[in-house]
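Per chain, numbering begins at 1; letters A, B, ... match sequence-line order.
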There are 2 protein chains.
Amino acid sequence: MQKKHSKNHPELHTFLRGHGYRVTTGRKAILTVLSDIDIHLSADDIYQKIHKRYPYIGFTTIYRTLELLERMGIVSKLDFGDGRARYEIADGLTKKPHHHHLVCLHCRRVIDYTDFIKEELEFLKRAEKGLTEKYNFAIESHVIQFYGACEQCFQRNEKHKE
Amino acid sequence: MQKKHSKNHPELHTFLRGHGYRVTTGRKAILTVLSDIDIHLSADDIYQKIHKRYPYIGFTTIYRTLELLERMGIVSKLDFGDGRARYEIADGLTKKPHHHHLVCLHCRRVIDYTDFIKEELEFLKRAEKGLTEKYNFAIESHVIQFYGACEQCFQRNEKHKE
DNA sequence: CTAACTGCAAATTCTTTGCATTAGT
DNA sequence: ACTAATGCAAAGAATTTGCAGTTAG
């Protein structure tokens with residue numbers, strides 16, 4: 001159960017110091033939670049997780065840290081359409097492969113999936129090339145997301161129809 | 001310049017009455033703005049547009065109407081990542097072909113594009129089929145969106161580097 | 001030491017809600 | 001007339017900001 005926060009993220013240290021930022025307890029703690037959980041977390045999720053061990057870290061620090069980490073490309077900000085942002089370790093900085101999200105509109109559960117990435121990449125490559133040429137738009141990122149009903153919610157709904 | 005609000009949306013009348021809802025001035029006005037502009041508008045955009053002619057229509061009505069129209073599949077709610085929702089006439093209820101959005105992260109401009117829809121459909125068809133089978137997830141909608149730098153912002157940025 | 005960072009509380013912004021009143025049908 | 005719909009003002013929720021005190025390097 002014990003973590004080694006101090007030495008956990010040598011990259012973080014490099015990243016931050018390299019840009020003149022300081023490596024603080026709060027920043028390490030926040031990154032550690034994100035790494036350990038390794039799934040999209042809201043600011044509040046992070047607050048809850050950290051609060052036990054670091055009661056003095058407030059939302060201000062969390063939001064400011066997330067903004068910083070996002071700016072540095074270490075975390076990605078996600079939106080699942082429920083009015084609160086989620087954050088996860090950026091693609092490429094985790095062992096997890098590139099993935100996307102299936103968002104259940106009924107129970108708000110989110111399923112990560114890593115399938116069809118090859119097809120997706122093919123489509124993206126073409127689209128990005130074409131859009132860049134046609135609109136002179138330099139694509140930096142994309143969002144591909146599916147919304148619908150997860151198995152449980154779908155079944156529950158089917159039952160109601162009977 | 002003159003509009004014929006009253007007879008503008010026979011479909012709306014059918015839709016609403018068919019579900020026991022009433023056809024009110026506010027609802028007609030809001031749908032009319034969305035149809036006339038035919039581009040993603042925020043609640044505030046809509047408020048500004050109709051406020052001149054219908055000063056008594058407030059945000060409450062706008063939000064409630066948009067929610068209703070969305071629930072009925074007449075308008076789509078969009079998210080461009082800037083913390084405020086946009087709304088546009090749903091695909092299929094407008095003459096415009098299926099489209100997606102390029103969002104400039106720097107000036108927040110949004111470009112509609114209708115290219116690569118065939119490739120996209122192919123990819124989506126496969127992905128949806130596969131995801132439905134693998135996760136028993138009933139896909140209802142999807143979001144495909146590109147973020148980046150529009151021509152102007154990109155050039156401005158390049159200049160700074162020199 | 002000193003600039004970057006933080007917590008706190010207050011402010012902002014978008015959106016939602018309760019309730020008395022108004023207006024479709 | 002009977003209810004759905006509305007306006008108003010107030011509440012909510014997520015996020016941001018000003019500022020004075022704290023801490024990393």
Side-chain angles (χ1 to χ4, degrees), chain A residues 5-7 9-10 12-31 40-48 50-51 53-72 75 77-87 108, chain B residues 5-10 12-31 40-48 50-51 53-72 74-75 77-87 108:
Chain A
H5 290 295
S6 41
K7 290 298 168 198
H9 297 287
L12 179 69
H13 200 282
T14 312
F15 269 125
L16 292 177
R17 296 305 298 132
H19 289 263
Y21 297 114
R22 292 179 178 173
V23 182
T24 65
T25 313
R27 289 174 179 176
K28 281 186 291 186
I30 291 166
L31 221 221
H40 35 265
L41 296 176
S42 66
D44 190 65
D45 291 337
I46 295 171
Y47 179 82
Q48 302 305 334
I50 304 196
H51 192 254
R53 201 187 292 246
Y54 307 95
Y56 47 86
I57 296 179
F59 280 100
T60 311
T61 301
I62 292 176
Y63 279 114
R64 284 197 275 230
T65 298
L66 289 170
E67 197 257 46
L68 175 66
L69 294 177
E70 195 202 357
R71 206 148 26 81
M72 305 192 65
V75 312
K77 190 176 181 176
L78 307 172
D79 171 33
F80 297 151
D82 65 347
R84 83 181 55 186
R86 309 299 159 99
Y87 302 84
R108 286 288 156 195
Chain B
H5 291 294
S6 42
K7 291 296 167 201
N8 234 354
H9 297 286
L12 180 68
H13 200 283
T14 312
F15 268 124
L16 292 177
R17 296 303 300 132
H19 289 263
Y21 297 114
R22 291 177 179 175
V23 182
T24 64
T25 314
R27 289 175 178 173
K28 281 186 291 186
I30 291 166
L31 220 221
H40 36 263
L41 297 175
S42 66
D44 190 65
D45 291 337
I46 296 171
Y47 179 82
Q48 302 305 334
I50 54 179
H51 192 254
R53 199 187 291 247
Y54 306 95
Y56 46 86
I57 295 180
F59 280 100
T60 309
T61 300
I62 293 177
Y63 279 114
R64 283 198 274 229
T65 298
L66 289 170
E67 197 257 45
L68 175 66
L69 294 176
E70 195 203 356
R71 204 146 30 79
M72 304 191 66
I74 297 173
V75 312
K77 190 175 181 177
L78 307 173
D79 170 36
F80 297 151
D82 64 348
R84 83 182 54 188
R86 311 298 159 100
Y87 302 83
R108 285 288 156 196

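- For the pair B:Ile46/B:Thr65, no side-chain contact is recorded, criterion being any heavy-atom separation below 4.5 Å from C-beta on.
- Ring orientation note: the planes of A:Phe80 and A:His40 are nearly perpendicular, at an angle over 60° on the 30°/60° scale.
- Taking atom CD of A:Gln48 as the reference point, atom P of D:dA14 lies 11 Å away to the nearest angstrom.
- Heavy atoms only, all atoms of each residue included: B:Ala85 and B:Lys77 are closest at CB-CE, 3.7 Å.
- Screening B:Val75, B:Leu68, B:Ile62, B:Leu41 for a side chain to side chain contact (heavy atoms under 4.5 Å, CB included) involving B:Ile30 leaves a single residue, B:Ile62.
- A close approach under 4.0 Å does occur between a side-chain nitrogen or oxygen of A:Tyr63 and OP1 or OP2 of D:dT15.
- Within 4.0 Å of A:Phe59, counting heavy atoms only, lies no atom of the nucleic acid at all.
- Heavy atoms of A:Arg17 sit under 4.0 angstrom from primed sugar atoms or phosphate atoms, though from no base atom.
- Rounded to whole Å, atom P of C:dT15 lies 13 Å from atom CG of B:Leu41.
- In this structure, the OH atom of B:Tyr21 is 14 Å from the P atom of C:dT25, given to the nearest Å.
- If B:Arg64 and B:Val23 are placed on DNA chain C by their nearest nucleotide, the residue sitting closer to the 5' end is B:Arg64.
- Residue whose closest nucleotide on DNA chain C sits further toward the 5' end, between B:Ala85 and B:Thr25: B:Ala85.
- Within the 4.0 angstrom heavy-atom criterion, base atoms lie near A:Thr60.
- Counting any heavy atom pair closer than 4.0 Å across all strands shown, A:Arg22 reaches a base atom.
- Between the OH atom of B:Tyr56 and the C1' atom of D:dA5 there is a distance of 13 Å, rounded to whole Å.
- When the C1' atom of D:dA14 is taken as reference, atom CG of A:Leu78 falls 16 Å away, rounded to whole Å.
- The nearest whole Å value for the distance from the CD1 atom in A:Ile62 to the P atom in D:dT16 is 13 Å.
- Side-chain contact between A:Ile57 and A:Tyr47 is absent, with no heavy-atom pair separated by less than 4.5 Å.
- Following rounding to the nearest Å, B:Leu16 (CG) and D:dT3 (C1') show an atom-to-atom distance of 16 Å.
- Rounding to whole angstrom units, CG of residue B:Leu66 and P of D:dA5 are separated by 15 Å.
- As judged by a 4.0 angstrom heavy-atom cut-off over every strand, B:Arg27 is placed among residues touching the sugar-phosphate backbone only.
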